[in-house]
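A quick write-up on the structure given underneath.
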2 protein chains.
Amino acid sequence: MAVSARRGAPLTREEIYAAAWRLIDADGVEGLSMRKLAAELDVNPMSLYHHVENKTALMQEICLRVGTQLAPPPDDGLPWQDQIRALGDAYRELARRHPSLWRYVFNNPEVMSTRRGGMWDVLHRLLRLAGVPEEDVPRLAEILSSFVSGFIFSESTGGVRPDAWDDAVTLLIGGLEAYTGR
Amino acid sequence: MAVSARRGAPLTREEIYAAAWRLIDADGVEGLSMRKLAAELDVNPMSLYHHVENKTALMQEICLRVGTQLAPPPDDGLPWQDQIRALGDAYRELARRHPSLWRYVFNNPEVMSTRRGGMWDVLHRLLRLAGVPEEDVPRLAEILSSFVSGFIFSESTGGVRPDAWDDAVTLLIGGLEAYTGR
DNA sequence: ACCTGAACACCGTTCAAGT
DNA sequence: ACCTGAACACCGTTCAAGT
């Protein structure tokens, strides 16, 4: 038969993604190799290439899937300050659930170039709500996103104490209030 | 004689660091391998291990040297807002001079754990000058540092438009003013 | 003292061959 | 159609042997 000598059923893409994700969450992205992944699946390393183009394509697909898990909070009518905090919380929670994968995405942003979740639209809406002039919205969104990403990254490397998140968001909100003149 | 078959003089640590740094600035950290470095120096790959413990020790030493190049601006008596902007500029300029190495340090902060330049002390002084309560100074310094690092990192990956830096700093200064109640 | 070649344990990936 | 073994071009690093 054509299936693996060691397994009963043929490989599937889903199986591969799931196993890779498991390995990454356990050992970090740098702990993932095509050969280890194959071992985890009880399969010859070269079998993987029948289902996946190469390692970068594999990583890309996994990153797109983790991006899918980000559900930006809906507009609940609260003041923009509260909503921006909720958005930050949601983003940070996702990052903390998959620290290694999130670090990979942060280091390789081109991987998310196509689909980057509804987070961006929500942030733009909240900046408008805060009174940021339309022409400044995209630039400020990029700035805030880079700030928050930097903070989360530093949190994941221990460069920032664990209780700093609330103050960090407060600082950004204060900055926005100053920027728009209240 | 005991010197290389291909070179006239014996290797030195300095030579190795300089060549490695050159390779990194040219091809990025991921473009540096012990074998390429040896080729660059016209030497057998294994000769390097006589002068350098291993690749991580090599990277560590190079990072410490790049850290040395950061000269935080002296206290010129200007308002803290101006001084904090000058400090940010100095930090950002260093990062932009050696983008790949800086990204490596950001990703491997443990490398700088011992010696991390006078930047930290200057930032603490400026936060006190801004009126931040003493007990909050270290936490706020970490937050600001993570924000600015995130911004510079995003700049280096094209995640932020090139003219956003001034606004980014303005936002942080506004946030600090709000935090201390002016 | 300093350098080197062979070797080991890893990578990602290609390609021809198996069922 | 799906899987595999051998092979290639890379890594970092150890160790015994050379001068």
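Note that the coordinates shown come from a computational prediction; the quantities given were computed from them, not determined experimentally.
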**Request:** Could you tell me the separation between the CD atom of A:Glu30 and the P atom of C:dC11, rounded to a whole number of Å?
**Result:** 13 Å
**Prompt:** Under 30°, 30 to 60°, or over 60°: which ring-plane class applies to A:Trp102 and A:Phe106, parallel, tilted or perpendicular?
**Reply:** parallel
**Message:** Rounded at 0.5 Å granularity, tell me how far CG in A:Leu87 sits from CE in A:Met119.
**Reply:** 6.5 Å
**Fill in**
Rounded to whole Å, NE2 of A:His50 lies from P of C:dT14 at a distance of 13 Å
**Prompt:** Quick one: is B:Ser47 getting a side-chain N or O under 4.0 Å of the C:dC2 phosphate, OP1 or OP2?
**Reply:** no
**Prompt:** Of all the nucleotides listed (D:dT4, D:dC3, C:dC3), which has the minimum atom distance to the side chain of A:His51?
**Reply:** D:dC3
**Message:** Taking the minimum atom-to-atom distance to the side chain of A:Leu11, which one of C:dC3, D:dC3, C:dC11 wins?
**Reply:** D:dC3
**Request:** Look through every strand shown and name the nucleotide pairing with D:dC3 as Watson-Crick or G-U wobble, where both distances are under 3.5 Å.
**Result:** none
**Asked** Rounded to the nearest Å, what distance is computed from the CG atom of residue B:Leu32 to the P atom of nucleotide D:dC10?
**Response** 16 Å
**Message:** Distance check needed: D:dT13 C1' versus B:Leu37 CG, whole Å only.
**Reply:** 15 Å
**Message:** Strictly by Watson-Crick or wobble contacts shorter than 3.5 Å, is anything paired with D:dA17, and which nucleotide is it?
**Reply:** none
**Item:** A:Arg128 atom CZ, over 12 foreign heavy atoms within 6.0 Å
**Value:** yes
**Complete:** Checking N1-N3 plus N6-O4 or O6-N4 for Watson-Crick, or N1-O2 and O6-N3 for wobble, each under 3.5 Å, the partner of D:dC10 is none
**Proximity to the side chain of B:Asn44 - top-ranked nucleotide from D:dT14, D:dA7, C:dG5** = C:dG5
**Message:** What is the separation between atom CG on B:Leu48 and atom P on C:dG5, rounded to the nearest whole Å?
**Reply:** 14 Å
**Message:** Checking side-chain contact (heavy atoms from CB on, under 4.5 Å) between A:Leu127 and each of A:Val122, A:Thr180, A:Val132, A:Asp136, which is the one that passes?
**Reply:** A:Val132
**Atom pair distance, as rounded to whole Å: CD in A:Glu53 and C1' in C:dG12** = 14 Å
**Request:** Consider the side chain of B:Arg35, meaning its heavy atoms from C-beta on, and name the nucleotide among D:dT13, D:dA6, D:dG12 that approaches it most closely.
**Result:** D:dG12
**Prompt:** Do the rings of B:Phe153 and A:Phe153 sit parallel, tilted or perpendicular, given the 30° and 60° boundaries?
**Reply:** parallel
**Asked** When the distance from CE of A:Met34 to P of C:dT14 is rounded to whole Å, what number comes out?
**Response** 10 Å
**Prompt:** How close or far is atom P of C:dT14 from atom CE of A:Met46, stated in whole angstroms?
**Reply:** 11 Å
**Complete:** Regarding the side chain of B:Lys55, the nearest nucleotide among C:dG12, D:dC3, D:dG12 is D:dG12
